[in-house]
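Just below is one structure, and these are the notes that go with it.
Only a predicted model underlies this, so the values are computations on that prediction, with no experimental measurement involved. Sequential numbering from 1 along the given sequence is applied to the chain's residues.
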Amino acid sequence: MRLKMILNPTILVGCVLIDQFSKEWGRDLTTLHFNEGFIMGYYSYLPASIRIVALGSFSGFILLIYTFLMYVLSSKARFFKYGISLLVGGIFGNVIDKIVMGKTVDFIPLPGLDVVFNMADVFQWLGVAVMIWFMFAKEKLLWHPSSSRQRYLVRPKEQLKMALQFSLIAFCCSLLLGIFSFTFFNTLFGHLYAHDQKLKLTFFITYCSLSLLFCSLVFLMGIVISHRTAGPLYAFEMYVEDLLANKDRKLTLRDGDNYRHFEQVADKLRDKFKS
């Protein structure tokens, strides 16, 4: 179980390390090329500060979504998780270059074409290929899991309350980071942009948009996460009611549910009632 929990983060970190070490080695090659583009080599004309801030924010959302997918995806979809880990590891390998140097190091030429790439690009392509293969070869495990519930709000009051609590925590974190960022940059560069109200308005609008998106994602994650606790509790409650009504059946929880030991408890209750 512990190996399964750390395998995907290990793949992600391994991709980043391999990419960074390979780029250090590739600096001595004649095929060395620097890509100053933002996405897929485009938008290189944007100021470096805008590109770095945008990539940093983008990477944060990618990490949040990656962690969420690792949690909610079925354990049977492990190859799909491997593909996501390869893809995200490749993305982070290039993002580190953009943030540290403002450009990506490419050194692997594609024969016959004027294209140069790096190991991070290879990991991204490989990750996408694994994900596409899994979606077609094992599509029932991904889209139609036999153990999934038909609805996520099995206990709406409790689940919405938990999701709102998660969102409140996310809002407080966003507020703290927003105040810190504004104070930090205003202290360093405030004398340069003291009268630039348009820049401050742009920062405020961007900050509010990102915070709203972040809180919304956390709210949805709260619904899904709470479902894994509320679901088995609801199922066990229904099982006990059926047992008291002399309806003989076996309790079977869903893949990924918490409190899986309820199945053993239910079997003991069932045997006790039979005897």
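Under the 4.5 Å side-chain contact rule for hydrophobic residues, F171 and F166 do not share a cluster. Both F34 and F107 are assigned to one and the same hydrophobic cluster, defined by single-linkage of ILVMFWY side chains at heavy-atom distances under 4.5 Å. I99 and F92 fall within a single hydrophobic cluster, where Ile, Leu, Val, Met, Phe, Trp and Tyr side chains are chained together by heavy-atom contacts under 4.5 Å. L164 and V224 end up in the same hydrophobic cluster when Ile, Leu, Val, Met, Phe, Trp and Tyr side chains are linked at under 4.5 Å. Note: the hydrophobic cluster containing L269 also contains L233 (ILVMFWY, side chain heavy atoms under 4.5 Å, direct or indirect links).
Within 6.0 Å of CZ in F21 there are 12 or fewer heavy atoms belonging to other residues, nucleotides or ligands.
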Stepwise, does the side chain to side chain contact (heavy atoms under 4.5 Å, CB included) test hold for K98 with M101?
-> CA-CA 6 Å; K98 300 286 187 180; M101 300 183 300; over 6 Å; no
Determine, step by step, whether D242 and R249 satisfy the side chain to side chain contact (heavy atoms under 4.5 Å, CB included) criterion, reporting the C-alpha distance in whole Å, the side-chain angles of both residues, the deciding distance to 0.1 Å, and the verdict.
-> CA-CA 8 Å; D242 287 346; R249 67 180 179 89; 2.7 Å; yes
Do T31 and I108 pass the side chain to side chain contact (heavy atoms under 4.5 Å, CB included) test, and can you show the C-alpha distance, the side-chain angles, and the key distance before you say yes or no?
-> CA-CA 7 Å; T31 56; I108 305 175; over 6 Å; no
Does the side chain to side chain contact (heavy atoms under 4.5 Å, CB included) test come out yes or no for Y239 and R270, once each step is laid out?
-> CA-CA 10 Å; Y239 174 81; R270 186 174 174 224; 3.2 Å; yes
Verify ring-ring contact (aromatic ring centres under 6.0 Å, His included) between Y207 and F204, making sure each step is shown before the conclusion.
-> CA-CA 5 Å; Y207 162 73; F204 179 75; 7.1 Å; no
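Here the CG atom belonging to L220 is positioned 11.5 Å from the SG atom belonging to C215, to the nearest 0.5 angstrom. In this structure, CG on L12 lies 9.5 Å from CD1 on I91, to the nearest 0.5 angstrom. If you take CG on L243 and NZ on K272, they are separated by 13.0 Å, rounding to the nearest 0.5 Å. In this structure, CE in M162 is found 9.0 Å from CD1 in I225, a value given to the nearest 0.5 Å. Separation of atoms CG (L32) and CZ (R27) is listed at 7.0 Å; rounding is to 0.5 Å. Note: S226 OG to Q159 CD = 4.0 Å, rounded to the nearest 0.5 Å.
Using a 4.5 Å heavy-atom cutoff, the side chains of K81 and M70 are in contact. Looking only at side-chain heavy atoms (C-beta outward), L69 and F80 stay at 4.5 Å or farther from each other. For the pair V265 and F236, the minimum side-chain heavy-atom distance is below 4.5 Å. Between L73 and I84, the closest side-chain pair of non-hydrogen atoms falls below 4.5 Å.
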Per-pair distances, 0.1 Å, donor-acceptor, side chain in residues 115-134, under 3.5 Å, sequence neighbours excluded:
unit_1	atom_1	unit_2	atom_2	d
N118	OD1	A120	N	3.1
N118	OD1	D121	N	2.9
N118	ND2	N94	OD1	3.1
N118	ND2	V105	O	3.0
N118	ND2	D106	OD1	2.7
D121	OD1	N94	ND2	3.0
D121	OD2	N118	N	3.2
Q124	NE2	G90	O	3.3

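With sequence neighbours excluded, no residue satisfies ring-ring contact (aromatic ring centres under 6.0 Å, His included) with Y71. Applying the salt bridge (Lys or Arg N to Asp or Glu O under 4.0 Å) rule to D97 yields the partners K23; only residues at least two apart in sequence or on another chain are considered.
No side-chain donor-acceptor contact under 3.5 Å links Y66 to the backbone of S85.
Of all non-hydrogen atoms in V95 and S59, the two that sit nearest each other are CG1-OG, 3.0 Å. Residues V16 and G93 approach most closely at CG2-N, 4.3 Å, considering heavy atoms. Taking all atoms of both residues into account, the shortest heavy-atom contact from E263 to L253 is OE2-N, 2.9 Å.
A parallel orientation is assigned to the rings of F262 and Y259, their planes being inclined by less than 30° (bins at 30° and 60°).
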